[in-house]
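Report on one structure; see the data block that follows.
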Amino acid sequence: MVVTAHAKGKTDEALALVPSARAAVLRAGDPLELRVELLYRQATVHDYGPHPADGLVLLQEARRLLEQAGAAAPTSPLAGRLADVLAEIGIFNMKAERLDDAVAAAHESIQMWRAVFGGDNVDEAYGWTTISVAQQRAGKREESLAAIREAVRLRASRLGDSVALALSLVAEGGILDESGRWDESVKVYDRALRMSRATMAPDDVNLTHGLIDRGVALYHLKRYDEALRDYNEAIALLEKTGGYPINLAIAYYNRGDLAARRD
């Protein structure tokens, strides 16, 4: 279901598969693990559709079933799954602008992962990223920056150079931008883009996040030629792939604004 919804953008078709999936779970004896898995996957499909709040209801039901089965105990074989569900609850709350709830659920997921796998495990980075975004939206920049730097630290130590680390660095740069710390953000973007080019496929549109954001920082530093190069590269990649229409619009606007201010 998730593949259908994400890759093809057909959430209705994906959700139409739920009754068949539920019937299959029943035929298998309705084990808790499969019931929770179906709820989790169904919720993820809703995340791509017009009613993400429906997904939160499903995740809360998955949490209830897991906790009822003793998954809150670190020794439970279901404890790791509970941590995953808590992390998703945090993400759904963050997208719904229920920021305090998002931070609380993310912290719960981090504590659960630590209880199950020990400290400094890479899964914690998902929780710290949610906390960072929620705090950023709440206007708490220092808390947001501290959280994303924890995600960066974990991914750097556990994954090394990777797409996940590169995207976390872009997020760190964005928070620095909001604080007007342009020199610092450019250094972070430089690192992120070097890593992105080394770890992403050549046409990966995720590269454009760092390009556009670095262009903004370079613009504020009056490094206009460098900013223009970043915008041009992002536009060329987005036009070639047809990805992220919003990013394409932003890059066009930024390039136009740059040209107007230089004239």
Side-chain angles (χ1 to χ4, degrees), residues 2-3 5-9 11 44 47-49 52 91 94-95 125-126 128-130 132-134 136-137 141 144-145 147-149 151-152 155-156 159-262:
V2 174
V3 172
H6 189 205
K8 300 181 181 180
T11 54
T44 307
D47 192 26
Y48 300 115
I91 292 170
M94 180 264 293
K95 290 181 177 180
Y126 293 107
W128 288 115
T129 300
T130 297
S132 178
V133 175
Q136 186 178 19
R137 291 183 180 181
R141 290 175 184 163
S144 176
L145 184 60
I148 199 61
R149 282 179 168 169
V152 166
R155 285 176 170 155
L159 301 178
D161 288 359
S162 59
V163 172
L165 177 55
L167 293 176
S168 292
L169 287 165
V170 171
E172 179 185 351
I175 299 164
L176 291 168
D177 281 349
E178 286 190 358
S179 302
R181 296 159 66 174
W182 313 113
D183 285 308
E184 291 179 66
S185 70
V186 167
K187 291 178 183 177
V188 174
Y189 288 135
D190 286 347
R191 181 185 173 194
L193 286 166
R194 284 194 299 270
M195 196 176 301
S196 295
R197 295 184 195 283
T199 58
M200 292 179 184
D203 290 342
D204 192 329
V205 292
N206 284 309
L207 180 66
T208 62
H209 299 310
L211 287 168
I212 294 170
D213 288 353
R214 186 174 68 176
V216 172
L218 291 167
Y219 168 84
H220 282 281
L221 292 171
K222 302 187 186 306
R223 293 164 59 177
Y224 298 131
D225 290 340
E226 295 168 86
L228 181 60
R229 281 197 294 272
D230 279 353
Y231 294 148
N232 284 339
E233 184 179 355
I235 288 168
L237 180 54
L238 289 165
E239 288 180 335
K240 179 181 179 181
T241 61
Y244 295 136
I246 293 176
N247 278 15
L248 181 59
I250 291 170
Y252 272 131
Y253 177 87
N254 288 356
R255 187 172 69 177
D257 184 61
L258 173 60
R261 290 177 182 272
R262 294 183 73 180

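In this chain, numbering begins with 1 at the start of the sequence shown.
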(request) Decide side chain to side chain contact (heavy atoms under 4.5 Å, CB included) for L165 and L159; before the verdict, give the C-alpha distance in whole Å, the side-chain angles of both, and the deciding distance to 0.1 Å. (result) CA-CA 8 Å; L165 177 55; L159 301 178; 5.7 Å; no
Under the salt bridge (Lys or Arg N to Asp or Glu O under 4.0 Å) test, which residues partner [X], sequence neighbours left out?
X    : answer
R214 : D190, D230
R191 : none
E239 : none
K222 : none

Nearest atoms (heavy-atom pairs only) where [X] meets [Y]:
X    : Y    : value
V170 : A192 : CG2-CB, 3.8 Å
V205 : L237 : CA-CD2, 4.2 Å
G243 : L238 : O-CD2, 3.0 Å
S185 : A217 : OG-CB, 3.5 Å
G173 : V188 : N-CG1, 3.9 Å

Contacts of type side chain to side chain contact (heavy atoms under 4.5 Å, CB included), residue [X], not counting sequence neighbours:
X    : answer
A234 : T208, L211, I212
R141 : E178, S179
S196 : A166, M200, L207

(request) Go through the steps for E172 and L169 under the test side chain to side chain contact (heavy atoms under 4.5 Å, CB included), then give the verdict. (result) CA-CA 5 Å; E172 179 185 351; L169 287 165; 3.8 Å; yes
(request) Sort and list the pairs that fulfil salt bridge (Lys or Arg N to Asp or Glu O under 4.0 Å) and have at least one residue in residues 243-258, not counting sequence neighbours. (result)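 Pairs touching residues 243-258 that pass the test: D257-R261.
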(message) I need the L145 CG to L176 CG distance, nearest 0.5 Å.
(response)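 Taking CG in L145 and CG in L176, the distance rounds to 5.5 Å.
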(message) Once rounded to the nearest 0.5 Å, what's the spacing between atom CG of D213 and atom CG of L218?
(response)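 It is 11.0 Å, given to the nearest 0.5 Å.
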(request) Check the side chains of T199 and D161 for a donor-acceptor pair under 3.5 angstrom, ignoring hydrogens and angles. (result)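 No - no donor-acceptor pair under 3.5 Å links their side chains.
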(message) Please list all pairs meeting ring pair (Phe, Tyr, Trp, His ring centres under 6.0 Å) that have one or both residues in residues 187-209, counting only residues at least two apart or in different chains.
(response)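 Those involving residues 187-209 are H209-Y244.
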(message) Using the side-chain hydrogen bond (donor to acceptor under 3.5 Å, both in side chains) criterion, which residues pair with S168? Sequence neighbours excluded.
(response)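 Only R155 meet the side-chain hydrogen bond (donor to acceptor under 3.5 Å, both in side chains) criterion with S168.
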(message) Restricting to side-chain hydrogen bond (donor to acceptor under 3.5 Å, both in side chains), what partner residues turn up for T130, sequence neighbours left out?
(response)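 T130 satisfies side-chain hydrogen bond (donor to acceptor under 3.5 Å, both in side chains) with no residue once adjacent residues are dropped.
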(message) I need the single residue from K187, H220, R223 that forms a side-chain contact (heavy atoms from CB on, under 4.5 Å) with W182. Which is it?
(response)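 Looking at K187, H220, R223, the match for W182 under the side-chain contact (heavy atoms from CB on, under 4.5 Å) is H220.
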(request) State, with a plain yes or no, whether a side-chain heavy atom of V216 is found less than 4.5 Å away from one of Y231. (result)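 Heavy-atom side-chain distance check passes, below 4.5 Å.
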(request) Go through the structure and list residues passing ring-ring contact (aromatic ring centres under 6.0 Å, His included) with Y219, not counting sequence neighbours. (result)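 Residues passing ring-ring contact (aromatic ring centres under 6.0 Å, His included) with Y219: Y224.
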(message) With a 3.5 Å distance limit and no angle check, can you tell me whether Y126 reaches the backbone of A151 through a side-chain donor-acceptor pair?
(response)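 Such a contact is absent between Y126 side chain and A151 backbone.
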